[in-house]
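Presented below is the structure to which this report refers.
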Amino acid sequence: MLLESNEISKLGEIATLLEVSAYPKPGNVHRTQDFEDMKYEDFLISSVCIGQPLRNVTEKTFHYYPNLIDQINVGEDILGCVEHTNRLVKTNTNLGIALLLIPLAASVATITSDESINVLSGKLDLILKYSQPDDAIAFVKAIILSNAGGMDKKIEKYDVNNDNTINDIIQNNINLFDLLEMSSEYDKLSYELTHKLPVLTKIGFSTYTDLTNQYSKNDATLELYLRILSTTPDTLISRKYGDKIAKNVSNKAKSILKDTDIATEERKDSLIEFDNYLRSKKYNPGTTADFTAASIFISLIHYYSTKNL
């Protein structure tokens, strides 16, 4: 299952474009809804900005894996993605997506022609466990640059607001896997990356792959988004409003799945109503959007690895 670096990066860009364009995706920016400080066009720009970092990390993986796996430096490209985006977009549009897609792209680049997509989680686990303190430092810098919440004020020793954090990472030889594992208790993206991709492999990839055989990409993306949200309370909502609110939002998504059918007017009406509710409360399932984009990416990789792009 071999794809070239430009093919992997192209599919990453497409995955982020499909995710942000899904209409009417509740509580997030989509093609007919903006936020006050974050527009649909900002995400289109961000999708282009992730392309070069995806190419970089896959080319490095082709060069260094497996003998020099510790030199892949996925952190460098997570930070690079945020830097590229920050020059063109003034809000945090893709830190979470970069955190997922950059290591995933590196992992895809290790899969050989006689291996299947099922080895992806194991490959990613290996890459992250062999990461270096430089990867962790780059990720901390990416968080600071994007003004994103996440690890700050959660882990006292490695709080991104602490001026000593970078020195502590170096002195204690903390790599990216270590840093993510520390935050995995409260951050679902961190948990995903340090626990072999439970959401992406058990829900995301298979759901989108199955649905696109029957429905439009838009309907498949919306269904995927709802299924993830219904089973996985959103980290961003939990962080801002608490676990109880996040679980309530997940229950509303579950009710829509139960009470309406995919690709029907009833489903569309329910999604619009849910979207209006989330916006009125300023509940933004941003982590769910990241999971959705990453799920689409894996599905596209799986599909196109057997075809000529």
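Computed from a predicted structure; not experimentally measured. One-based numbering along the sequence shown. Reckoned from all heavy atoms, side chains included, excluding hydrogens, waters and symmetry mates.
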For [X] and [Y], work out which heavy atoms get closest and say how close.
X: P53; Y: H84; value: CG-CD2, 3.7 Å
X: S46; Y: N94; value: O-ND2, 3.5 Å
X: I166; Y: K141; value: CD1-CE, 4.0 Å
X: I169; Y: P133; value: CG2-O, 3.9 Å
X: G27; Y: N284; value: O-ND2, 3.0 Å
X: V57; Y: A106; value: CG2-CB, 4.0 Å

Please check if the side chain of [X] supplies one atom and the backbone of [Y] the other of a donor-acceptor pair under 3.5 Å.
X: T231; Y: I228; answer: yes
X: K25; Y: R31; answer: no
X: D234; Y: T287; answer: yes
X: E192; Y: L200; answer: yes
X: S305; Y: H302; answer: yes
X: Q214; Y: T212; answer: no
X: D187; Y: S190; answer: yes
X: D42; Y: K39; answer: yes

Are the side chains of [Y] and [X] in contact, using a 4.5 Å heavy-atom criterion?
X: T209; Y: Y303; result: no
X: N248; Y: Y241; result: no
X: I301; Y: I8; result: yes
X: L54; Y: I102; result: yes
X: P66; Y: T110; result: no
X: F291; Y: L189; result: yes
X: L229; Y: V249; result: yes
X: T201; Y: L120; result: no

Is it possible for you to say whether [X] and [Y] belong to one hydrophobic cluster, with membership spreading through side-chain heavy-atom contacts below 4.5 Å?
X: V119; Y: L100; result: yes
X: L104; Y: L3; result: yes
X: M38; Y: I143; result: no
X: V199; Y: L300; result: yes
X: Y225; Y: V29; result: no

Stepwise side-chain contact (heavy atoms from CB on, under 4.5 Å) test for L11 and V108 = CA-CA 12 Å; L11 294 177; V108 166; over 6 Å; no

I need the [X] [atom1] to [Y] [atom2] distance, nearest 0.5 Å.
X: K217; Y: L18; atom1: NZ; atom2: CG; result: 7.0 Å
X: T85; Y: I50; atom1: OG1; atom2: CD1; result: 7.5 Å
X: E181; Y: S184; atom1: CD; atom2: OG; result: 6.0 Å
X: L95; Y: N86; atom1: CG; atom2: CG; result: 11.0 Å
X: F43; Y: D34; atom1: CZ; atom2: CG; result: 9.5 Å
X: L226; Y: T207; atom1: CG; atom2: OG1; result: 11.5 Å

Between S5 and E59: side-chain donor-acceptor atoms closer than 3.5 Å |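 Yes - a donor-acceptor pair under 3.5 Å links their side chains.
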
Do the side-chain N and O atoms of Y186 and T235 include a donor-acceptor pair separated by under 3.5 angstrom?
->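 Judged by distance alone, the side chains do not pair up.
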
All ring pair (Phe, Tyr, Trp, His ring centres under 6.0 Å) counterparts of H30, not counting sequence neighbours |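 In terms of ring pair (Phe, Tyr, Trp, His ring centres under 6.0 Å), with neighbours along the sequence ignored, H30 is linked to Y23.
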
Does [X] have more than 12 heavy atoms from other residues, nucleotides or ligands lying within 6.0 Å of its [atom1]?
X: Y191; atom1: OH; result: no
X: Q52; atom1: CD; result: yes
X: F274; atom1: CZ; result: yes

May I have the step-by-step check of side-chain contact (heavy atoms from CB on, under 4.5 Å) for L236 and R239, ending in yes or no?
-> CA-CA 5 Å; L236 190 56; R239 188 176 300 143; 4.1 Å; yes

Flag the pair K90 and D37 as a salt bridge only when some basic side-chain nitrogen lies within less than 4.0 angstrom of an acidic carboxylate oxygen.
->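 Salt bridge flag = no for D37 with K90.
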
Pair R267 + E223: basic N to acidic O under 4.0 Å |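 Salt bridge flag = yes for E223 with R267.
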
Report the C-alpha separation of S299 and F205 in whole Å, then their side-chain angles, then the decisive distance to 0.1 Å, and conclude whether the side-chain contact (heavy atoms from CB on, under 4.5 Å) test is met.
-> CA-CA 5 Å; S299 181; F205 158 63; 4.1 Å; yes

So which pairs with a foot in residues 274-297 pass salt bridge (charged side-chain N to carboxylate O under 4.0 Å, His left out), sequence neighbours left out?
->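 Of all non-adjacent pairs touching residues 274-297, those that pass salt bridge (charged side-chain N to carboxylate O under 4.0 Å, His left out) are D275-R279.
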
Passes side chain to side chain donor-acceptor pair (under 3.5 Å), T112 versus D114? Steps please.
-> CA-CA 5 Å; T112 63; D114 59 348; 2.5 Å; yes

Walk me through it: do D125 and F177 pass the test side-chain contact (heavy atoms from CB on, under 4.5 Å)?
-> CA-CA 8 Å; D125 194 61; F177 184 91; 3.7 Å; yes

Cluster companions of Y215 among Ile, Leu, Val, Met, Phe, Trp, Tyr (side-chain spacing under 4.5 Å) |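 Besides Y215, the cluster holds L211, I262.
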
In the hydrophobic clustering (ILVMFWY, side-chain contacts below 4.5 Å, transitive), which residues join V89, or is it alone?
->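 Under the 4.5 Å side-chain rule, V89 groups with I45, L88.
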
What pairs with S131 under side chain to side chain contact (heavy atoms under 4.5 Å, CB included), at least two apart in sequence or on another chain?
->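 D135, N175, L176.
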
Can you give each donor-acceptor pair under 3.5 Å made by side-chain atoms of residues 69-82, sequence neighbours left out, with the distance rounded to 0.1 Å?
residue	atom	partner	partner atom	Å
N73	OD1	E76	N	3.2
E76	OE1	K60	NZ	2.6
D77	OD2	K60	NZ	2.7

